[in-house]
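Written below as structure tokens is the structure these notes are about.
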Amino acid sequence: MAWMSKEVAEAGISNLVIIATVDPILRYARQKQNDIIAFIRELVEQESPSDDGASVNRCVEVLIERSRGMARIRTFPGGNFGKHLRLEFDLPEHKLGRKKDGQILALGHSDTVWPVGTLRSMPFRQARGRLWGPGVFDMKAGLAFFVFAMRALRDLDVPVSRKVVLQVNADEEVGSPSSRALTEEIAKRSAAVLVLEPSADLDGKLKTARKGVGDYTVTVRGRAAHAGLDFASGASAIVEMARQIERIAGFTRLDRGITVSPGVISGGSRSNVVAAECRAEIDVRVPRASDGKYLARKFASLRPFDKHCVIEVSGGLNRPPMERSAGVRKLLRLAQPLAHDVGVELNETSAGGGSDGNFTAALGVPTLDGLGAVGEGAHASHESILVKRIADRTALVAKLVASL
Ligand SMILES: [Zn+2]
């Protein structure tokens, strides 16, 4: 046809060229997709709730077995939790004897929020284009992707300039009390941190900012009394708390992204006793470190309405916010064309939930979070990942490591 100009013909040719030059790492990841799925299955079927160290350790053993021969393996005791794992990968060197220069830290966690036995009602399964199961999205798939990404670099002999360490914490879902110091210590020695947590939305957005997360416990002590015989001599901790809760909820500043959410309240002993004690647990989220100070001042300023009651406040931020720094933006700009090479658009968003990336970003180490699976339903019964995004996410992580 006359209108089928040179341009159209060229477009046809360039499409052919694109098909012929599928990124070699992407091709590798596609070829290995069934192996990656089998690995994810092994990890998911070894249930690993944070509070069950023995179960978490069995999950860690699966990771160790799968990395044997390709990484130096170290574990660190996790106290009441499972053990934390560090894998230092043995990766191809640049020719001409260029020495490894600096270090890249990949971060993940082996624990999940799901108790042992969840598999009975939420078995691992592949259906409707997804993998389903407890912890599959948050974040066992991300761990499998990383190990296979390192295998790709080794098998394809892709040189890597830096030392590459994967640290897998056993207590992330409960705020990383035991692993935090380890994470911070190694992050300080790293040029960049890649966090294998789930991505955001069903198009796999990275998380370039995360709110800081904390919790406060407010305890009111009143004075117990018989609700009938001696009502006037009592001071109800419950009534006092009810008034305080209004005030505390008012610390929320939606325009600034600050949320203060009383999530648990408990108090009193019997209906015919004026309550002597009441406790509230309050979740707080802040986009900026300075907002954490604002909340600390607000909580410290609480005074009882009823002078017969006493208020005690404890708590604070346990994860500082991950702010979208220049270093974070630079990492994102590096990742975007690499994603393009493997045929996907890579966008970014901010997240309300925290991760261990909050600690590393707060130290000023460029941190890119949400590099794990594409899916939805973290901590929910529809937790699942998209099978069609397994290969490109694995390839993206490998390419990032090779480019840093
Ligand atoms: Zn997670």
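All ligand and atom numbering here is 1-based and tracks the order in the structure. Remember, predicted model here, so these are calculated numbers, not experimental data. Residue indices begin at 1 and follow the sequence shown.
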Query - Number of protein N, O or S atoms [distance to the Zn ion (ligand 1) under 2.8 Å] - result: 4
Query raised in the report: Between Phe89 and Phe146, is the ring centre distance below 6.0 Å?
Result: yes
Requested in this report: Decide whether Asp171 and Ser179 meet the rule of one side-chain donor and one side-chain acceptor closer than 3.5 Å.
Outcome: yes
Query raised in the report: Would Arg256 count as a cation-pi partner of Tyr294, with NZ or CZ less than 6.0 Å from the six-membered ring centre and within 45° of the ring normal?
Result: yes
Query raised in the report: Considering only heavy atoms from C-beta outward, does the side chain of Val286 approach that of Lys211 to under 4.5 Å?
Result: no
Requested in this report: Specify the closest pair of heavy atoms between Glu172 and Arg319, including all atoms of both residues, with the distance to one decimal.
Outcome: O-NH2, 2.8 Å
**Report entry** Non-neighbouring partners of Asp138 that pass salt bridge (charged side-chain N to carboxylate O under 4.0 Å, His left out), sequence neighbours left out
**Finding:** none
